[in-house]
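Just so you know, these numbers come straight off a predicted model, no measurement behind them. For ligands, and for the atoms within them, numbers begin at 1 and follow the listed sequence.
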Amino acid sequence: MNTAQQVESKRNAGYHAAGMVEDGMVVGLGTGSTVFFAMERLGERITDEGLSIAGIPTSYQAAIRARQYGIPLSSLDEYPEIDIAIDGADQVDPNLNLIKGRGAALLREKCVCDAARKVLIVVDPTKMVDTLNALVPVEVLPFASASVSRRLEALGAVPVLRDGVKKDGPVVTDNGNFILDCEFGAIPNPQDLEAEISTIPGALECGLFSAYGEKIMVIVGEGKGCRVVSLH
Ligand code: 5RP
């Protein structure tokens, strides 16, 4: 449940990120409630300033919302290199390692993050932690969900198949796969864990983003403005 203060923080972060977008840019559009505010402001800039951009959505949700805000959309096929991506996160550690995927969009989000020259992560202050410890979502091929689950258990996880809301049975991602939410406890070495998970056949992607700290700028929305965190 978002408090009014959290919503205000998310708005401030999203608006700040939208202000960093320049005319002519290709913009990755992440998924989730904080990115909505960035899209809202981008829509206003398109109307008010004639800002011209192409958005690359990371989910059906992002595409639907972007259309509502009048943001022209394109694809990763059309633009395999992206100028700037704006996305949310579930947790951020001091080295700018992330956990993402509450919205089950992690696979496309990581593709877009990887293709982007610069990545703006928009969060409220509750997302900033000393050590990552949230559930790590893993997108799995349905065919291999039991075998992937066993391999994740061997890495110390307690994987739980994510169930749908207003749908019986498992969540089916935008890519037609399942999600295993994995409780690992504290994750002091996210790079090692992400590397281990990436070796499991049928584990298509996990919500640990540990390779992008150098190009990430975290915009932490606060009550009256924003705090910007980067490694430089
Ligand atoms: C979706 C995500 C979201 O970006 C993340 O869950 C943050 O969402 P919100 O901005 O609503 O808190 O990773 O897969």
Gly30 touching ligand 1 at heavy-atom level, < 4.0 angstrom: no
For ligand 1, which atoms sit closer than 4.0 Å to a heavy atom of Ala104? 14 (O)
Please examine the side chains of Glu44 and Tyr69, heavy atoms only from C-beta on, and report whether any two atoms are closer than 4.5 Å. no
Interatomic distance, CD1@Ile179 vs CG@Leu161, rounded to 0.5 Å, equals 9.5 Å
At under 4.0 Å between heavy atoms, is it the side chain or the backbone of Ser59 that contacts ligand 1, or both, or neither? neither
I'd like to know if the side chain of Glu222 pairs up with that of Ser9 as donor and acceptor (distance under 3.5 Å, no hydrogens or angles considered). no
What protein heavy atom lies closest to atom 10 (O) of ligand 1? Include the residue and the distance to one decimal. Thr34 OG1, 2.6 Å
Nearest non-hydrogen contact with atom 8 (O) of ligand 1 belongs to which option: Arg108, Arg102, Lys110? Arg102
N/O donor to acceptor pairs below 3.5 angstrom from side-chain atoms of residues 20-30, sequence neighbours left out:
residue : atom : partner : partner atom : Å
Asp23   : OD1  : Ser52   : N            : 2.7

Report yes if the side chains of Val119 and Met217 come closer than 4.5 Å at any heavy-atom pair, otherwise no. no
Tell me, which protein residue and heavy-atom name are nearest atom 6 (O) of ligand 1, and how many Å apart are they? Asp90 OD1, 2.5 Å
Side chain, backbone, both or neither: Val123 near ligand 1, heavy atoms under 4.0 Å: neither
Element-labelled atoms of ligand 1 that are located less than 4.0 Å from some non-hydrogen atom of Ala105: 14 (O)
Is there a side-chain contact between Val136 and Ile187 in this structure, where contact means two heavy atoms from C-beta onward sitting under 4.5 Å apart? yes
Do you know which of Asp87, Thr31, Asp90 makes side chain to side chain donor-acceptor pair (under 3.5 Å) with Lys100? Asp87
Salt-bridged, Arg162 to Asp181, with N to O below 4.0 Å? yes
Numbered atoms and elements of ligand 1 in range of Gly32, under 4.0 angstrom, heavy atoms: 11 (O)
Taking atom 3 (C) of ligand 1 as the reference point, the nearest protein heavy atom with its distance: Thr31 O, 3.2 Å
Heavy-atom proximity to atom 14 (O) of ligand 1 ranks first, among Glu109, Lys127, Gln61, Lys100, for Glu109
Under 4.0 Å from one or more heavy atoms of Lys10, ligand 1 contributes atoms 9 (P), 11 (O), 12 (O)
Nearest non-hydrogen atom to atom 9 (P) of ligand 1 belongs to which of Ser33, Gly88, Gly101? Ser33
Considering only heavy atoms of Gly103, which atoms of ligand 1 have at least one such atom less than 4.0 Å away? 1 (C), 14 (O)
For the atom pair CG (Asn97) and OG (Ser210), what is the distance rounded to the nearest 0.5 Å? 5.5 Å
List ligand 1 atoms under 4.0 Å from Asp87, heavy atoms only on the residue side. 4 (O)
Side chain proximity check, Val122 to Ile86, heavy atoms < 4.5 angstrom: yes
